[in-house]
Amino acid sequence: MRGHRRSAVALGLALGLAACGGGPRGFYASDPPRIPLGGSFTVEPGEAVIVYGVRSRLCGMQPPSFETAAAEMFNADGAQGPASGEIFDAGTGQSVAVLCGGTVPVRAIGYRAPADFEGEVPMVFYGTDQATVTVARPPEPEPEPEAAPEAEPEAAPEAEPQPAS
């Protein structure tokens, strides 16, 4: 009887976790969006992309304001802001922070490319985390080859009527 009770409790816990989204990981299943921590991105001139997420120094706390994050992230040794274009506050989201043991809220940092610029824009956040945005126009679509005028199909010889027998 004791074994059945343990099995029932384990089953109840498993069903309960499944029903509420699987625990802490399921909490953020649909909202807020995942924010990258650097990487490589490609945008067209004049477009924007989220390139980084800044978390609080205390795990799980609300992320810093954009003003606070902007003042810190490019002031470390080796940090580098974008040479062209601008960074902007892209709201909040979540990122995985290994030091915090899971997902944490972050301030999303966006980059907007100038409308008249093409090239690569490297950035280094806090002196270690890198992001590179390639700004390029999409390739021109190849013109479709002109279709050759279709030749009229040869008329099939008409069958001669067969004499009735």
Side-chain angles (χ1 to χ4, degrees), residues 2-141:
R2 186 179 224 173
H4 292 294
R5 189 175 310 153
R6 285 184 186 164
S7 297
V9 169
L11 180 61
L13 285 173
L15 290 174
L17 286 175
C20 72
R25 288 190 182 145
F27 181 75
Y28 293 117
S30 63
D31 194 40
R34 272 299 156 128
I35 307 299
L37 297 176
S40 297
F41 309 91
T42 302
V43 296
E44 293 181 26
E47 288 189 346
V49 64
I50 296 174
V51 294
Y52 197 71
V54 179
R55 70 173 176 85
S56 169
R57 291 182 184 184
L58 301 173
C59 295
M61 300 301 291
Q62 289 300 311
S65 68
F66 176 73
E67 292 75 21
T68 301
E72 294 175 354
M73 64 189 175
F74 294 126
N75 285 335
D77 289 337
Q80 174 186 344
S84 62
E86 64 180 350
I87 61 166
F88 64 93
D89 184 357
T92 58
Q94 67 176 344
S95 283
V96 175
V98 175
L99 294 174
C100 294
T103 57
V104 294
V106 295
R107 170 72 48 198
I109 306 298
Y111 168 78
R112 183 173 294 110
D116 59 347
F117 176 80
E118 287 189 66
E120 284 195 353
V121 181
M123 292 171 262
V124 181
F125 301 93
Y126 295 99
T128 57
D129 298 330
Q130 299 180 5
T132 301
V133 179
T134 301
V135 183
R137 297 191 189 286
E140 294 290 325

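Note that these values count all heavy atoms, side chains included, but never hydrogens, waters or copies made by symmetry.
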Nearest atoms (heavy-atom pairs only) where [X] meets [Y]:
{"X": "Val124", "Y": "Thr128", "answer": "CG1-N, 3.7 Å"}
{"X": "Val43", "Y": "Ala113", "answer": "CG2-CB, 4.2 Å"}
{"X": "Ala97", "Y": "Val104", "answer": "CB-CG2, 3.8 Å"}

Original post:
Judged by atom type as modelled, is there a donor-acceptor pair below 3.5 Å linking the side chain of Arg107 to the main-chain atoms of Val54?
Top reply: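 No; judged by distance alone, with no hydrogens or angles, the pair does not exist.
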Hey, are the side chains of [X] and [Y] touching, using non-hydrogen atoms and a 4.5 Å cut-off?
{"X": "Pro45", "Y": "Phe117", "answer": "no"}
{"X": "Ser40", "Y": "Thr134", "answer": "no"}
{"X": "Pro105", "Y": "Gln94", "answer": "no"}
{"X": "Val133", "Y": "Val49", "answer": "yes"}
{"X": "Pro122", "Y": "Gln130", "answer": "no"}
{"X": "Ser84", "Y": "Val121", "answer": "yes"}
{"X": "Ile50", "Y": "Tyr111", "answer": "no"}

Original post:
Run the side-chain contact (heavy atoms from CB on, under 4.5 Å) check on Ser95 and Arg34 step by step: do they pass?
Top reply: CA-CA 6 Å; Ser95 283; Arg34 272 299 156 128; 6.0 Å; no
Subject >> Geometric class of the Tyr52/Phe125 ring pair [parallel <30°, tilted 30-60°, perpendicular >60°] >> reply: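 Because their plane-to-plane angle is under 30°, the rings of Phe125 and Tyr52 count as parallel.
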Original post:
Going by an N to O cut-off under 4.0 Å, is there a salt bridge joining Glu47 and Arg112?
Top reply: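 So Glu47 does not pair with Arg112 through a salt bridge.
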Cut-off 3.5 Å, no hydrogens considered: what does the side-chain donor-acceptor table look like for residues 67-79, sequence neighbours left out?
{"unit_1": "Thr68", "atom_1": "OG1", "unit_2": "Ser65", "atom_2": "OG", "d": "3.0"}
{"unit_1": "Glu72", "atom_1": "OE2", "unit_2": "Arg57", "atom_2": "NH2", "d": "3.4"}
{"unit_1": "Asn75", "atom_1": "ND2", "unit_2": "Ala71", "atom_2": "O", "d": "2.0"}

Original post:
Looking at CD1 of Ile35 and CD1 of Ile109, how far apart are the two atoms once the value is rounded to the nearest 0.5 Å?
Top reply: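 Separation between the atoms: 9.5 Å.
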**OP:** Would you please test Arg137 and Glu118 for salt bridge (Lys or Arg N to Asp or Glu O under 4.0 Å) and show each step?
**Re:** CA-CA 7 Å; Arg137 297 191 189 286; Glu118 287 189 66; 3.3 Å; yes
**OP:** List the steps, then state whether side-chain contact (heavy atoms from CB on, under 4.5 Å) holds for Val51 with Phe41.
**Re:** CA-CA 8 Å; Val51 294; Phe41 309 91; 3.8 Å; yes
